[in-house]
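The block underneath contains the structure these notes are about, expressed in structure tokens.
Order of the sequence lines fixes the chain letters, A, B, ..., with proteins taken first and strands second; residue numbering starts at 1 for each chain. Computed from a prediction, not measured in an experiment: that's the story for all the values here.
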There are 2 protein chains.
Amino acid sequence: MTEVIEGLVPITRRTTSSLIVDQLRERIVDGTFPPGGQMAEAQLAATFGISRGPVREALQRLVQEGLLVNIKNRGVFVIELGPADLADVCLSRRLIERKAASLLWKSKDERHLSRLDVAAAELAATTGDSWAEVVERDLAFHESLVESAESPRLSRMFATLVAETRIGLATRPEARRERAALVAEHRALIELLRDGTERRLLAAIDAHLDASLGSARPTAARQGRAGATDSPA
Amino acid sequence: MTEVIEGLVPITRRTTSSLIVDQLRERIVDGTFPPGGQMAEAQLAATFGISRGPVREALQRLVQEGLLVNIKNRGVFVIELGPADLADVCLSRRLIERKAASLLWKSKDERHLSRLDVAAAELAATTGDSWAEVVERDLAFHESLVESAESPRLSRMFATLVAETRIGLATRPEARRERAALVAEHRALIELLRDGTERRLLAAIDAHLDASLGSARPTAARQGRAGATDSPA
DNA sequence: GTCATTCGGATTGTTGACAGCTTACAGCGG
DNA sequence: CCGCTGTAAGCTGTCAACAATCCGAATGAC
């Protein structure tokens with residue numbers, strides 16, 4: 001058996017398509033690729049300085065993730081989130097976050113609670129009026145909350161929901177909120193996680209999500225891009 | 001505007017990789033590709049009579065879905081579900097199914113309830129002792145239940161959980177249960193959905209899931225294949 | 001005999017090119 | 001002037017071949 005040297009991490013280069021996925025996802029959620037816009041393979045390949053093969057693999061993964069829609073012989077397009085979609089995202093997020101909060105409330109694991117403290121502080125530390133940065137820190141807090149459930153599957157599901165939330169918030173100026181209000185609500189959540197009742201904690205989560213995403217009324221809307229030939233599930 | 005002719009359906013062929021994904025997923029969950037086994041690209045391409053390109057795209061989608069794991073320069077492998085994974089699947093399934101049941105209990109939408117009747121009857125109608133078929137019908141019932149929530153995202157998440165459940169059940173003979181017991185539990189769930197209290201309904205769901213998946217104790221186990229260079233999230 | 005090394009086979013990662021589809025536009029007829 | 005048709009351009013879907021990497025067996029040293 002070969003000796004393992006402390007401090008040296010084995011270099012496990014990730015696959016190229018995986019790296020592409022991360023970059024594309026970031027650009028999709030921050031609005032660089034607008035909803036409904038096409039992801040041109042050749043252009044992306046040229047931009048990354050690689051061939052179309054890995055780009056196509058990355059796009060397929062994002063299709064499976066639900067952030068892109070594939071129309072045969074036309075191309076892949078960024079999803080357009082209608083009111084019904086946002087309501088669905090809200091419903092799903094509430095389900096997962098309530099569970100995570102409930103678990104953390106029961107365990108009171110200080111390791112996770114302090115991580116939430118940090119996340120909340122980082123939101124409070126945002127300067128200026130960069131709405132995008134506020135959204136990012138806000139969602140980082142929520143991801144930390146879900147991480148505390150220590151459930152890989154819930155975290156993975158939630159990651160997609162976060163991405164969709166960012167798309168929704170990036171393209172809806174009316175969803176902007178005061179940073180101060182968000183900071184206060186996060187601090188209140190941590191307070192309730194530590195010393196509150198479960199009932200009030202869950203009510204606070206509902207209220208927080210409603211305030212952020214609840215503006216979209218669940219009116220009738222299509223559940224996917226018409227003509228999509230390639231559903232992710 | 002061109003006239004639309006009645007009776008003629010526009011031909012919307014799905015993408016090849018999408019068809020491959022479905023076939024591969026089916027074979028993965030039914031055990032044809034055993035957990036830990038490698039998915040050889042060239043062999044699959046030859047089997048399907050196509051090139052390696054579409055096969056690679058399909059594999060990437062299944063990696064994103066979480067059913068396969070990609071190790072750079074080694075290949076993609078079927079996930080191995082340890083006890084911790086099964087516990088996580090159980091936790092996630094319980095969360096989603098409880099929510100769906102609660103919603104259906106509130107709405108009492110007869111359309112969905114009758115669909116559950118059908119699903120339960122089809123499980124009861126299974127003849128012989130084909131464990132695989134029992135599992136399939138059982139999970140079809142649960143998918144119907146989740147469908148009743150009319151949430152595309154919950155349904156999509158649940159589809160992956162169902163696939164993982166099938167993998168887990170296909171490779172664990174000790175998880176076999178009497179068909180009669182499953183039939184009775186499903187009928188009881190429908191009964192409770194129609195006329196029971198919400199509390200008893202949720203308790204019945206918990207019990208049903210525990211009986212099917214709860215045998216796996218959440219002992220310490222790795223949360224992913226060691227060396228995986230390409231995590232789905 | 002055991003361990004380290006090297007070489008070969010096999011598989012994956014990537015590329016460039018070709019075929020098929022869709023779309024937009026110019027041309028033609030009514 | 002309006003509508004249909006044919007053509008051309010651009011894109012996606014697919015393929016076969018090349019390069020890079022890894023695994024295992026054979027070889028040699030101690």
Side-chain angles (χ1 to χ4, degrees), chain A residues 1-4 10-24 33 36-64 67-79 225-232, chain B residues 1-5 9-24 33 36-64 68-78 225-232:
Chain A
M1 179 67 82
T2 311
E3 276 298 325
V4 174
I11 51 168
T12 54
R13 283 191 303 273
R14 300 172 56 198
T15 62
T16 305
S17 61
S18 173
L19 298 173
I20 304 292
V21 163
D22 285 344
Q23 287 203 41
L24 290 182
F33 299 107
Q38 182 169 8
M39 310 288 289
E41 294 178 6
Q43 181 182 347
L44 292 174
T47 303
F48 289 120
I50 60 176
S51 166
R52 278 175 50 211
V55 172
R56 282 180 64 88
E57 291 172 14
L59 292 178
Q60 291 299 315
R61 286 179 64 146
L62 290 169
V63 167
Q64 184 65 34
L67 265 51
L68 298 177
V69 178
N70 194 344
I71 302 181
K72 186 172 162 66
N73 289 324
R74 292 265 306 271
V76 298
F77 303 82
V78 181
I79 53 164
R225 184 189 180 87
T229 179
D230 207 11
S231 63
Chain B
M1 177 66 83
T2 312
E3 276 298 324
V4 174
I5 302 174
V9 169
I11 50 169
T12 55
R13 285 190 304 272
R14 300 173 56 197
T15 62
T16 304
S17 61
S18 172
L19 298 172
I20 303 293
V21 164
D22 286 344
Q23 287 203 42
L24 289 183
F33 298 106
Q38 182 168 8
M39 309 289 289
E41 293 179 4
Q43 182 182 346
L44 292 174
T47 303
F48 288 120
I50 59 177
S51 165
R52 279 173 51 210
V55 171
R56 282 179 65 87
E57 291 173 15
L59 291 177
Q60 290 299 316
R61 287 179 65 146
L62 289 169
V63 167
Q64 183 65 35
L68 298 177
V69 179
N70 194 344
I71 303 181
K72 186 173 163 67
N73 290 324
R74 292 265 304 273
V76 298
F77 302 83
V78 181
R225 185 188 179 88
T229 179
D230 207 9
S231 63

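- Taking only side-chain atoms of A:Arg56, from C-beta outward, the nucleotide of D:dT12, D:dC22, C:dG13 with the closest atom is D:dT12.
- When heavy atoms are screened at a 4.0 angstrom cut-off, A:Gly75 is found touching the sugar-phosphate backbone but no base atom.
- Regarding B:Lys72, its NZ atom lies at a distance of 9 Å from the P atom of D:dC22, rounded to whole Å.
- Shortest non-hydrogen contact noted between B:Gln38 and B:Gly75 is NE2-CA, 3.8 Å.
- To the nearest angstrom, C1' of D:dG10 lies 11 Å from CZ of A:Arg52.
- For A:Gln38, taking side-chain heavy atoms from C-beta onward, the closest of the listed nucleotides D:dT12, D:dT14, C:dG13 is D:dT12.
- Looking at heavy atoms from C-beta onward, B:Ile20 lies out of side-chain contact with B:Leu59 at the 4.5 angstrom threshold.
- With distances taken from any side-chain atom of B:Asn73 to the nucleotides C:dT22, C:dT15, C:dG13, the minimum falls on C:dG13.
- A straight line from CD of B:Glu41 to C1' of C:dG13 spans 8 Å, rounded to a whole angstrom.
- The side chain of B:Thr16 lies closest to D:dT14 when the candidates are D:dT14, C:dG13, D:dG13.
- Across A:Val55 and A:Ser51, no two heavy atoms sit closer than the pair CG2-O, 3.6 Å.
- Note on A:Gln43: nothing from the nucleic acid sits closer than 4.0 angstrom, heavy atoms only.
- Distance from the side chain of A:Ser51 is smallest to C:dT15 among D:dC15, D:dG13, C:dT15.
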